[in-house]
Participant: 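If you scroll down you'll find the structure; I have some questions about it.
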Amino acid sequence: MGTGEYQVCDKCHKEKSIDEFDILKYNGKQYHIHTCKKCRYEIRKAKKNALSNNIDILIKRKYKEIRPERILDLSLTNIEFIEYDEIFVKLIDYRDIWLSNYGRVIKKKDDTYVLAKLGYDSNGAARYVAYKDTYVDGKWVYKKSTIYIAKMVVQEFVFNADMRSNVFIWHKEMNKDDNYYKHLYPLNKEQYRIVKAH
Ligand SMILES: [Zn+2]
């Protein structure tokens, strides 16, 4: 239902029906904004993406160096890496578990290396239950322990300047399925709040 009124958008310079422009209330009067709804949507979207890409710049990060002896030789397995930079690193405190910088897990079962199937918690965070070397009543035993994949990828591959405060993990573009180490950001509560608000 057009009112028959038209206005030129100052962004795309197209003449559009007045209904294509949002109304702004100011000093008790109403104005139609001079940028059309479609352009305003595109601007918002671009800003959001820019933030995602700029986190790399805002939050400087370093990556950990991995000792070569911890890296699993994939030729011993039937498992193919998903990208050329994928490496599987032995988790020291756990029994026969290797974690990749893409968040995949390999376990050793009867002398065979297999990809482990991950579970997910109610928030969609990937996790895996493994056996952790634990000190109980004066001796070391393997106890079941849940590994949160994003947290463990950060712990193993990303240098975290303040481990006590930076306990929140931001996934690039809020994609919780993406556990690639370069797309995970350990943040403190305040940084996480700011990034999330954007
Ligand atoms: Zn426009």
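Heavy-atom basis, side chains included; hydrogens, waters and symmetry copies ignored.
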Participant: Are V114 and I147 connected in the hydrophobic side-chain network, where two residues link if heavy atoms are under 4.5 Å apart?
Facilitator: no
Participant: For Y148 and R127, work out which heavy atoms get closest and say how close.
Facilitator: OH-NH1, 3.4 Å
Participant: To check you understand the geometry: which heavy-atom pair defines the closest contact between Y128 and I149, and what is its length?
Facilitator: CB-CD1, 4.2 Å
Participant: Ignoring hydrogens and angles, tell me if any N or O in the side chain of E156 forms a donor-acceptor pair with the backbone of V153 under 3.5 Å.
Facilitator: no
Participant: Keeping the roles fixed (side chain from E86, backbone from I82), state whether a donor-acceptor pair exists under 3.5 Å.
Facilitator: yes
Participant: Output the distance between atom CG (N179) and atom NZ (K172), rounded to the nearest 0.5 Å.
Facilitator: 14.5 Å
Participant: Run V195 and Y185 through side-chain contact (heavy atoms from CB on, under 4.5 Å) and show every step you take.
Facilitator: CA-CA 11 Å; V195 171; Y185 302 81; over 6 Å; no
Participant: Which value, rounded to the nearest 0.5 Å, describes the distance between L24 atom CG and Y31 atom OH?
Facilitator: 8.5 Å
Participant: Check the pair L74 / I106 against side-chain contact (heavy atoms from CB on, under 4.5 Å), numbers first and verdict last.
Facilitator: CA-CA 10 Å; L74 276 194; I106 286 178; 3.8 Å; yes
Participant: Assess the residue pair N166 and Q191 against the criterion (side-chain contact (heavy atoms from CB on, under 4.5 Å)); give the C-alpha distance rounded to whole Å, side-chain angles, the decisive distance to 0.1 Å, and a yes or no.
Facilitator: CA-CA 9 Å; N166 299 344; Q191 290 171 322; 4.1 Å; yes
Participant: Between the main-chain N or O of D178 and the side-chain N or O of H171, is there a donor-acceptor pair closer than 3.5 Å?
Facilitator: yes
Participant: To the nearest 0.5 Å, what is the distance between CD (Q155) and CG (L91)?
Facilitator: 8.5 Å
Participant: Measuring from I97:CD1 to S145:OG, what's the distance to the nearest 0.5 Å?
Facilitator: 10.5 Å
Participant: Applying the 4.5 Å side-chain criterion to the ILVMFWY set and letting contacts propagate, would I66 and Y94 be lumped into a single cluster?
Facilitator: yes
Participant: Can you check side-chain contact (heavy atoms from CB on, under 4.5 Å) on I92 and R70, steps first, answer last?
Facilitator: CA-CA 9 Å; I92 289 162; R70 288 182 63 203; 3.8 Å; yes
Participant: Hey, are the side chains of I169 and L187 touching, using non-hydrogen atoms and a 4.5 Å cut-off?
Facilitator: no
Participant: Side-chain contact, heavy-atom cut-off 4.5 Å: L72 with V89?
Facilitator: no
Participant: Assess whether a salt bridge exists between K14 and E20, defined as any Lys/Arg side-chain N lying under 4.0 Å from an Asp/Glu carboxylate O.
Facilitator: no
Participant: Within a strict 4.5 Å, meaning less than it, do heavy atoms of the Y142 and T134 side chains meet?
Facilitator: no
Participant: If I compare all heavy atoms of K144 with all of Y131, which pair ends up nearest, and what's the gap?
Facilitator: CE-OH, 3.4 Å
Participant: Report, as yes or no, whether the 6.0 Å neighbourhood of atom CG on N78 holds more than 12 heavy atoms from other residues, nucleotides or ligands.
Facilitator: no
Participant: Assess the residue pair R40 and D22 against the criterion (salt bridge (Lys or Arg N to Asp or Glu O under 4.0 Å)); give the C-alpha distance rounded to whole Å, side-chain angles, the decisive distance to 0.1 Å, and a yes or no.
Facilitator: CA-CA 9 Å; R40 271 161 60 84; D22 283 323; 3.2 Å; yes
Participant: For a side chain to side chain donor-acceptor pair (under 3.5 Å) check, start with the C-alpha distance between D85 and Y102, then their side-chain angles and the critical distance, and finish with the verdict.
Facilitator: CA-CA 9 Å; D85 65 341; Y102 282 78; 2.5 Å; yes
Participant: For a quick check under 3.5 Å, do S75 and D73 share a side-chain donor-acceptor pair by atom type?
Facilitator: yes
Participant: Before we go on, tell me: are the rings of Y192 and F168 under 6.0 Å apart, centre to centre?
Facilitator: yes
Participant: With a sphere of 6.0 Å drawn around OH of Y41, does it hold more than 12 non-hydrogen atoms of other residues, nucleotides or ligands?
Facilitator: no
Participant: Side chains of V136 and K143: does their closest heavy-atom pair fall under 4.5 Å?
Facilitator: yes
Participant: Could you check if a side-chain atom of I79 sits within less than 4.5 angstrom of a side-chain atom of R104, using non-hydrogen atoms only?
Facilitator: yes
Participant: Between T35 (side chain) and C39 (backbone), is there a donor-acceptor pair under 3.5 Å?
Facilitator: no
Participant: Flag the pair Y181 / Y63 as yes when their ring centroid distance falls below 6.0 Å, and as no otherwise.
Facilitator: yes
Participant: How are the rings of H183 and Y180 set to each other: parallel, tilted or perpendicular (split at 30° and 60°)?
Facilitator: perpendicular
Participant: Do F157 and Y84 belong to the same hydrophobic cluster, where Ile, Leu, Val, Met, Phe, Trp and Tyr are linked whenever their side-chain heavy atoms lie under 4.5 Å apart, directly or via other members?
Facilitator: no
Participant: Do I71 and L99 sit in the same hydrophobic cluster, where Ile, Leu, Val, Met, Phe, Trp and Tyr count as joined when their side-chain heavy atoms come under 4.5 Å apart?
Facilitator: yes
Participant: Do you know which two heavy atoms are closest between L184 and A150, and how far apart they sit?
Facilitator: CD1-O, 3.7 Å
Participant: Taking all heavy atoms of Q7 and all of I18, pick out the closest pair and write down the distance.
Facilitator: OE1-CD1, 3.5 Å
Participant: With heavy-atom distances below 4.5 Å as the criterion, would you say the side chains of K16 and K38 are in contact?
Facilitator: yes
Participant: L115 and F81: same hydrophobic cluster, using ILVMFWY side-chain contacts below 4.5 Å?
Facilitator: yes
Participant: Kindly give the heavy-atom pair with the smallest separation between A126 and L118, and that separation in Å.
Facilitator: CB-CD1, 4.2 Å
Participant: Would you give the length of the straight line joining atom CE of M174 to atom NZ of K196, rounded to the nearest 0.5 angstrom?
Facilitator: 6.0 Å
Participant: Between Y113 and D96, is there a side-chain heavy-atom distance shorter than 4.5 Å?
Facilitator: no
Participant: How long is the straight-line distance from CD1 of I23 back to NZ of K29, given to the nearest 0.5 Å?
Facilitator: 15.5 Å
Participant: Would you say the side chain of F21 lies within less than 4.5 Å of the side chain of C9, judging by non-hydrogen atoms?
Facilitator: yes
Participant: Is there a donor-acceptor contact under 3.5 Å from the side chain of K64 to the main chain of V154?
Facilitator: no
Participant: Would the distance check show the side chain of N175 and the main-chain N or O of D177 forming a donor-acceptor pair, the cut-off being under 3.5 Å?
Facilitator: yes
